[in-house]
Asker: 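To start, I am sharing the structure in question, which I have written as structure tokens.
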Amino acid sequence: MELSVAELIVVMAHTAPTRPLTVDRAHQVMQLHTDCSTDYCGLKQAAFDALVTAGHMMPDSCRRH
């Protein structure tokens, strides 16, 4: 995963994005925010939502993210 400095700053933030994430960016965010909870990390929640919408993930109703 090669990111520019500007892209790295964006994917390392924890605030929700102002625009929907692409599937590729959502995958990057999920890989970089493995220790974050979707309850507290708006960016990871947006990535999770984007991947569910795209059919790349299926939420498990028994687990927290």
Side-chain angles (χ1 to χ4, degrees):
M1 164 182 2
E2 254 190 64
L3 301 172
S4 69
V5 172
E7 291 172 320
L8 188 57
I9 291 169
V10 169
V11 298
M12 291 308 295
H14 298 280
T15 56
T18 57
R19 295 182 295 181
L21 298 174
T22 64
V23 171
D24 288 339
R25 179 57 46 92
H27 279 294
Q28 291 171 340
V29 168
M30 294 297 281
Q31 291 170 358
L32 293 170
H33 289 257
T34 57
D35 293 333
C36 291
S37 165
T38 56
D39 293 334
Y40 301 106
C41 181
L43 185 59
K44 185 171 183 176
Q45 181 64 58
F48 181 83
D49 292 343
L51 294 174
V52 169
T53 299
H56 289 243
M57 289 182 77
M58 171 100 37
D60 182 346
S61 61
C62 298
R63 290 181 56 183
R64 292 180 57 109
H65 312 296

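All figures in this text were calculated on a predicted structure; none of them were measured in a lab.
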Asker: What salt bridge (charged side-chain N to carboxylate O under 4.0 Å, His left out) pairs are there with at least one residue in residues 5-19, not counting sequence neighbours?
Answerer: E7-R25
Asker: State, with a plain yes or no, whether a side-chain heavy atom of H14 is found less than 4.5 Å away from one of K44.
Answerer: no
Asker: Through direct or indirect side-chain contacts below 4.5 angstrom among Ile, Leu, Val, Met, Phe, Trp and Tyr, which residues connect to I9?
Answerer: V5
Asker: To the nearest 0.5 Å, how far apart are CG in L32 and CG in L43?
Answerer: 9.0 Å
Asker: As an exercise, state the distance from CE of M12 to NE2 of H33, rounded to the nearest 0.5 Å.
Answerer: 5.0 Å
Asker: Could you give the side-chain donor-acceptor pairs of residues 47-55 under 3.5 Å, partners two or more places apart or in another chain?
Answerer:
unit_1	atom_1	unit_2	atom_2	d
D49	OD1	Q45	NE2	2.7
D49	OD2	Q45	NE2	3.4
T53	OG1	D49	O	2.9

